[in-house]
Amino acid sequence: MADIQEKLLKIVNEVLIEEGKKAVEIYNCELKLREDLEFDSLMLAVLTVKIENDFNIDIFEDGLVYTLGDVLAKVVNNEVISN
Amino acid sequence: MKLFLIDNEKEYYYDNLFDIIINDKNIYKVAILKQEECYGLFYKILHSLFYEYPISVLDFTLAEGYSSSNVNNAIEKSKNIKSRFSAFDEFIKQLINRTINWEVTLLTSGTTGRPKEITHNINSITRNCRVNDKHYDDIWALAYNPAHIAGIQVFFQALMNQNTIVNVFGSFSKLFSYLYEKYNINRISATPTYYKTLLSFNDNVYYRIKSVACGGEKSSEAIFNLLKRRFPNAKIFNIYASTEAGTLFQSEDDKFIVPDSYMPFIKISENSELCIHKTILAKSDSFNIQDDWYYTGDLVERLSGNSFKFIGRVNSFINVGGYKVNPEYIEEIINKIEFVNECRVYGVKNSVIGNIVCADIIIKPNSELSLDKAKNSIQQYLKSVLNKYEVPRVINIVSEIKMTITSKKARI
C-alpha cells in the first residue's frame, strides 16, 4: 500500500508540475483533486492516462473520484482483484 | 524487351505473363522479386483486362490470395474464355482508348473508419493517366500498396506507356537506394508519410528522379521543401485523389486549383467540406449522397477564385471535451520544432474528456537533447503556441511512426 501511495504521489506531482503548479510533499488522502489541488478536466484526463499506464485501471470509469483517497482506493481495490 | 514488374529484393525472372495470356513469348517480359503478392495482383488485373471480366480486390485477399498458385487457378478458369484481342499491341491500343469493358472493386483505405467497397471502370480509374512519347523511358517506383487505388493507378500509367515498375512499397533506406540504382528509377509517386520515412533514413539526394508525385494525405510547405532538396531535378506534384472519385486535381504546391471543366462537379459545403457531384463518382452502395452531392470528408479552405487548400479529414478530428482538434494542424506545428524529425498526432479515448490528444515523435538523430528534456521542451513550446485543449497531453518519443497499410499515418 505504501508502495502504491508513493507511485501515485509521483504521478500526481508529475501532472501538477507539467501544469506549472506546486508539487505536494505528502499523499494526503483528504486533499480534493479539483478544489485543493486545482485539477481541471484536462489534468484529470492526464492523471487517468498515467495511472492506467502504471496500474491498468481507468479510475474515472464510473466518475466517482473526488479526493486523493478515492484515487488510492480505486487502485488498491483493483490490485486486490487482479491478484 | 522491357522488364515490366520488379518486386523488391530476391530476384527471379518470370517470362510467361503475357505468354500465358496471348501465347506470344516475345512481347513482354516480367521480372518478379520477392513479393509474389504484387505480381499475382497485377497479373490478375492484366488477365481480367485481356478477357474483359470484372474483378474485386476482396476476391484476392479473402478467397484466392495473390500467390502464384492462385494465379495458376485463374489461368485454368480462363481457358474457356475467349479474348477479342489477338495481339498485345491491339490490347494496349484499346486500353489507351478506354474501350475495354472492365470493372474493379476496391476498398477505401479506412484511415479513420471502416473501409468501403468502391467499383471503378476503366474510364474512372485511368482518368489522369497520360500516354505520350515523354513517358517512353519512365521507370516507376511503386510506393503505394498495390491493392489500393493509387497503386493501381501507377500500374495503369506504366502499362499504357509500357514502362517498368519497381515495387518499393514498404522499402526504405538502403533497399530503396539499391533499387533506385539498379533499375534506374526516374519517377515516384507516394504519400507524404512515405517520403518523410524514406528521407529520414539517409541523406541521399536522388538526382535521376524527374517526377515526384505526392498524394493521399495533406501535404505542407515543409514536405515540398524537403522533396525539392532531395529530388532536385524533379518536377513535384501534389495530387488530390480519392478511392471514390479517382484523381481529381493536381498542383505544384499545397494549393489546388479546380479546372474550369470540373467546376460544375465540385462545391465546398457550409462547413468547409469538399463535395463531389455524383456524376463523376465510381459506383458504390456505401456513398453518403445528399442532393446528388457526395461529401468527401475532406475539409478545405477556399483561397482566391477556384483555388483551395486541404486542411484535414472531418473524421480525423479529435473531440476533446467538445472542442474539435485537427491532428494535422498540430503535426505541422510540431514538425517546425528544430530537433523534430517526424510526428503523428492521434486521439485516445478518455473517460474524463472523451478523447485525449497524444503525439508520437521521432527526434532527429543528431539531436543532443536527452529524451526527457526533448519531451519537456516540446510540451512547453506547444503550451505557448496552442490552445490548452490542443496540446498533446501524452508525448511518446519513438523510433518509427505507425502507418496504415496504405502508407498513411494511422489516426486511431
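The chains referred to below are lettered A, B, ... by the order of the sequence lines, with proteins before strands, and numbering in each begins at 1. If you're wondering where the values come from, they're calculated on a predicted model, not measured in any experiment.
Ranked by heavy-atom pairs shorter than 4.5 Å toward chain A, the options B/Ile353, B/Val391, B/Val352 are led by B/Val352.
Taking the side-chain contact (heavy atoms from CB on, under 4.5 Å) definition, one finds that B/Asn271 meets it with B/Ser269, B/Glu273, sequence neighbours left out.
In B/Tyr329, the OH atom is not crowded: 12 or fewer heavy atoms of neighbouring residues, nucleotides or ligands sit closer than 6.0 Å.
Within the 4.5 Å cutoff, the side chain of A/Leu42 has heavy atoms near those of the B/Val320 side chain. With a 4.5 Å cut-off on side-chain heavy atoms, B/Leu274 and B/Ile268 count as touching. Residues B/Ile363 and B/Leu369 form no side-chain contact, since every pair of their non-hydrogen atoms from C-beta on lies 4.5 Å or further apart. Looking at heavy atoms from C-beta onward, A/Phe55 lies in side-chain contact with A/Ile11 at the 4.5 angstrom threshold.
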If the cut-off is 3.5 angstrom, what donor-acceptor pairs do you find between chain B and chain A?
{"residue": "B/Asn350", "atom": "ND2", "partner": "A/Ala45", "partner atom": "O", "Å": "3.2"}
{"residue": "B/Asn350", "atom": "ND2", "partner": "A/Thr48", "partner atom": "OG1", "Å": "3.0"}
{"residue": "B/Ser351", "atom": "OG", "partner": "A/Asp58", "partner atom": "OD1", "Å": "2.8"}
{"residue": "B/Ser351", "atom": "OG", "partner": "A/Asp58", "partner atom": "OD2", "Å": "3.0"}
{"residue": "B/Lys383", "atom": "NZ", "partner": "A/Glu18", "partner atom": "O", "Å": "2.2"}
{"residue": "B/Lys388", "atom": "NZ", "partner": "A/Asp40", "partner atom": "OD2", "Å": "2.5"}
{"residue": "B/Arg393", "atom": "NH1", "partner": "A/Glu19", "partner atom": "OE2", "Å": "2.7"}

